Amino acid sequence: MTRRKHQHVVEVIVNSAGKMQGNFNATAKLVVHLLCRHLVINSASVWLFSRDLSCQHQVASLAISETTSTFRPADLASCPRYLKQLTSERYIDASDAKSDPRIAEFYLTAFAPRKINSVLDVAIRINGQLEGVICLERQYARGIWQDSDIYLACQAADQLALALATQFSHQQQEVLSLFRSAVEQSEQVTMLVNLQTEFIAYVNPAHYQMSGIPRRYISGASIRQLDLFKQYPQLAERSLQQLKRGETIRGEVLLTREDNRQYYLKYHATPFNTDLGNHFALIYCEDNTDPHLYQNKLERLAWRCQLTELYNRTHFNQALRQFNDGFLILIDLIGFKRFNDTYGHRQGDALLTEIARRSRCFAGFPRVNEIARVGSDEFAMLLPWGGELGELERQIINLYRCLTMPLQVGRERFDPRVALAVVNLADLKQDISPLASADIALQRAKTMPAPHIQYFNQQLLTSFYQHAEIERELHLAVRGRQFELHYQPLRDLQTQEYVGAEALIRWHHPIKGMLYPGAFIDIAEQTGMICLIGAWVLEAACNQLKLWQHQQPSFVMHVNVSARQFLGGNLYEQVWQLLSRYRLTPNTLILEITETELMTDIRHAAQLCNELAELGVSLAIDDFGTGYSSMRYLKQFPISKLKIDRSFIADLSVSRESREIVSAIIAMAKALNISLTAEGVETPEQESFLAGCQCHQAQGFLYSQALRGPDFCDFMAIEPAKSLQTGMCSAC
């Protein structure tokens, strides 16, 4: 190669965009392209080494054919002689690759299979550190490497080293820039002090937030301008001397700002030397006032809720004992635990704080003299009142509307659901406490349609005692196996055949006789016993269904699932175990849930419904038409059946509106490809209308009431078999 061509090649590399920008990869690709073009070689490649020279990776390569494509082992630990030679010499010019000992360590794996006869490896160094290598290869015998070839390769290696050094510099600058940005944003005070000049070289904005002194007055100033030197000169001078001796210091002092606000400063300083030999100290500071105010806060927290800043239950009970004439208002957040579990404690705390703020700021009660958080999601007010009760009721409604207004928590928009209990303290008897009375009214308020407001009265107290008695008897019923399942037939309106049944629980009370679900299910739901009872109902229904499916494999069984059971967390595991045990025909077990249960927590409900559907369980919405009835919600769930509420069926003969509603529900279900069952069918006219509208199935007294297992077998002409439905299972 002529000297002119050699200079031209180097100039192209030097003036390339990749080289000037410090883009090592782009420069490497240009180098291998130019070397292959201007030298008589079969392939060229550029490799980078790890910092410990244990491995290498290819950055760029070019070969005149596939047979000469470059290959080098990634592991460099197996070739120490090669590394030693490359470290001590500028290049390795192996004209005879087979016999040259400098590359013998990977001749058999890298060169021999590709018939490489001649190799030139040129080291890429930065400040003497071996960073990589340019590899030039010739196939077959093409003579020794000429000085001009070696010189050009060395010049290319120098340019690659410069590009790599520029890239390292850019990366280092970026890291320093990121570090500086992080320090600038930090809430912790960071300061650099030149210990030789005693000047402050850097301080971040957090210093102003803590001390109130603008950064422009501190940065570049003497260290003696700091409050520590002004207010504690002896301590500061002693600490400065320790830093100059190379000692690390830490401590804490009470400082006073220019605005007379006091704060505790906690500091930590470490000396270090720079690469240029300058002596600096890195100082971290933070406001440590809170721990020193802990004792005062303890006294305050004894009477206040830390989250909401309202009074706590202890203080409220003391105030309540001295408050005999007026009204107690108890506020409860409906479904708060589910909200907290779904959206997290931070969102839950934000909701509680907002409800507390609304309670405190509500303008309708200017004379409220006590507002407290008396439970995790309960708030209480004491209201002196000498006005008309009608005005009080209007103010209570206004409070309810204020508390239930939509609110924004983070990025989410929520509609709080609250229940209010109102107790006239003057009307209370001595045998029941005000808060207990409010709790009784609150439980009733939660079960009411909106607005959830309940005034305490004697009837509520009587009902409470009755419910308490039923609750005690339910425990005896569980232990005494007093429950039994009855089955109401399900009729196909197109084939006029019975295709299944709905399992309905009955309680054989030893004194009151047979009790229907309406007499005890709500109480079981409130006390949590519904989960135990519901688990038994599922077990008994699946056992009976398996027995009947021996004779009619497609027979289906409907089982009602309560809200607490559905949202309790272990319904999926219960159903999975039952399906594994009884091996029921897929989609013949149909769980009935209400629209209200689905809408309580759409995200959780949708996930659970999809998981149950994957198990082969069908899902039906019970009492459809009385809740949300939204196609948008229905499309989110894998619902296979809707059960039209009996209130619409009962009015079919006399109400045009009911007929139109039922027709609309059937049309909607048909559009969504969802099966339909009409509940409470009692007359042939109702059946005829439903069949004409192509309703799929029906149940009701027109066909049969709910029957005991043996009676149902007689009705269906099924051979009776042993089942678990005569008593509670052993799990109960």
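Just so we're clear, the structure is a prediction, and the values are computed from it rather than from any experiment.
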Q322 side chain to Q318 side chain, donor-acceptor N/O pair below 3.5 angstrom: no
message: I'd like to check E679 versus I649 (side-chain heavy atoms, cut-off strictly below 4.5 Å). Are they in contact?
response: no
field: Distance (rounded to the nearest 0.5 Å) between H475 NE2 and L532 CG
entry: 9.5 Å
message: Quick check: do P384 and F323 have side-chain heavy atoms less than 4.5 Å from each other?
response: yes
message: To check you understand the geometry: which heavy-atom pair defines the closest contact between L320 and L435, and what is its length?
response: CD2-CG, 4.0 Å
- request: Can you tell me which residue pairs pass the salt bridge (Lys or Arg N to Asp or Glu O under 4.0 Å) test with a partner in residues 444-466, sequence neighbours excluded?
  value: D332-K446
- prompt: Taking the six-membered ring of Y311, is the NZ or CZ of R304 close enough (under 6.0 Å from the centre) and on axis enough (within 45°)?
  reply: yes
More than 12 heavy atoms from other groups under 6.0 Å of CG on N673: no
statement: When every non-hydrogen atom of A438 is compared with those of A421, the smallest separation belongs to O-CB, 3.3 Å
- prompt: So do I355 and D377 actually touch side chain to side chain, heavy atoms under 4.5 Å?
  reply: no
message: To check you understand the geometry: which heavy-atom pair defines the closest contact between A445 and Q454, and what is its length?
response: CB-CB, 3.8 Å
- prompt: Side chains of H315 and E370: closer than 4.5 Å at any heavy-atom pair?
  reply: yes
- request: Please say whether more than 12 non-hydrogen atoms of neighbouring residues, nucleotides or ligands are located less than 6.0 Å from CZ in R346.
  value: no
task: Tell me, please, which residues at least two apart from H509 pass ring-ring contact (aromatic ring centres under 6.0 Å, His included).
output: W507
Distance-only polar pair, side chains of H486 and Q705, donor-acceptor under 3.5 Å: no
Main-chain N/O of E484 paired to R506 side chain as donor or acceptor, under 3.5 Å: no
- prompt: To the nearest 0.5 Å, what is the distance between CG (L591) and CG (L538)?
  reply: 6.0 Å
message: What I'd like to find out is whether the side chain of P416 reaches to under 4.5 Å of the side chain of L351, using heavy atoms alone.
response: yes
- prompt: Under the criterion side chain to side chain contact (heavy atoms under 4.5 Å, CB included), which of E473, E471, Q466 is the partner of I523?
  reply: E471
message: For L403, is there any backbone N or O sitting under 3.5 Å from a side-chain donor or acceptor partner on R358?
response: yes
- prompt: Considering residues, nucleotides and ligands other than K512, do more than 12 of their heavy atoms fall under 6.0 Å from its NZ?
  reply: yes
- prompt: Is a side-chain N or O of E682 found less than 3.5 angstrom from the main chain of A650, in a donor-acceptor match?
  reply: no
Pairwise ring pair (Phe, Tyr, Trp, His ring centres under 6.0 Å) hits with a residue in residues 406-464, at least two apart: F339-F414, Y343-F414
- request: Might you point out which heavy atoms bring A503 and N560 nearest each other, and give the distance in Å?
  value: O-ND2, 4.1 Å
Flag, side chain of S658 to backbone of L652, donor-acceptor distance under 3.5 Å: no
- prompt: So S618 and K641, side-chain contact (heavy atoms from CB on, under 4.5 Å) or not? Walk me through it.
  reply: CA-CA 8 Å; S618 293; K641 178 178 286 190; over 6 Å; no
task: Decide if atom CD of Q408 counts as having more than 12 heavy atoms of other residues, nucleotides or ligands within a radius under 6.0 Å.
output: yes
- prompt: Is the shortest side-chain N to carboxylate O distance from K643 to E502 below 4.0 Å?
  reply: yes
field: Neighbour count >12 (heavy atoms, 6.0 Å) for atom OH, Y516
entry: no
- request: Please answer whether the main-chain N or O of L307 pairs with a side-chain N or O of R373 as donor and acceptor at a distance below 3.5 Å.
  value: no
field: Heavy-atom neighbours of Q458 CD exceed 12 at 6.0 Å
entry: yes
query: Roughly how far apart are L382 CG and L328 CG, rounded to 0.5 Å?
result: 6.0 Å
task: Starting from the C-alpha separation in whole Å, work towards a yes-or-no answer on side-chain hydrogen bond (donor to acceptor under 3.5 Å, both in side chains) for Q395 and E391.
output: CA-CA 6 Å; Q395 297 291 2; E391 177 61 23; 2.9 Å; yes
query: Can you find a heavy atom in the side chain of L642 that is under 4.5 Å from one in the side chain of L672?
result: no
- request: Mark yes or no for whether S663, through its side chain, and R659, through its backbone, hold a donor-acceptor pair below 3.5 Å.
  value: yes
field: Criterion side-chain contact (heavy atoms from CB on, under 4.5 Å) on I666 and I644, from CA distance to verdict
entry: CA-CA 9 Å; I666 294 173; I644 305 175; 4.3 Å; yes
- prompt: Hey, is the main chain of D622 close enough, under 3.5 Å, to the side chain of T594 for a donor-acceptor pair?
  reply: no
statement: Rounded to the nearest 0.5 Å, the CD1 atom of I470 sits from the CG atom of L474 at a distance of 7.5 Å
message: Salt bridge check, E469 against R472: does any charged N sit closer than 4.0 Å to a carboxylate O?
response: no
- request: Supply the atom-to-atom distance L420 CG to Y400 OH, rounded to the nearest 0.5 angstrom.
  value: 7.5 Å
message: Any side-chain to backbone donor/acceptor pair from R401 onto T404? Under 3.5 Å, distance only.
response: no
statement: Value for OG (S562) from CD1 (I593), rounded to nearest 0.5 Å, stands at 11.5 Å
Beyond-backbone contact of Q574 with Q565, side-chain heavy atoms, under 4.5 angstrom: yes
- request: Would you indicate whether E388, at its atom CD, is surrounded by more than 12 heavy atoms from other residues, nucleotides or ligands within a distance under 6.0 Å?
  value: no
message: If you define the side chain from C-beta out and look only at heavy atoms, does anything of S437 sit under 4.5 Å from L428?
response: yes
message: How about CD on E309, more than 12 heavy atoms from neighbouring residues, nucleotides or ligands closer than 6.0 Å, or not?
response: yes
message: Donor-acceptor check, side chain of N457 to backbone of L460, threshold 3.5 angstrom: yes or no?
response: yes
- line: Correct closest heavy-atom pair for S653 and Q686 would be OG-CG, 4.4 Å
- request: Might you work through the side-chain contact (heavy atoms from CB on, under 4.5 Å) test for Y487 and S704, ending with a clear yes or no?
  value: CA-CA 10 Å; Y487 305 93; S704 173; over 6 Å; no
query: L690 and L676: side-chain contact (heavy atoms from CB on, under 4.5 Å), yes or no, with the steps?
result: CA-CA 10 Å; L690 293 168; L676 272 171; over 6 Å; no
query: So, does H508 use its side chain to make a donor-acceptor pair with the main chain of Q482 at under 3.5 Å?
result: no
message: Looking at every non-hydrogen atom in both residues, tell me the closest pair between I505 and I521 and how far apart they are.
response: CG2-CD1, 4.4 Å
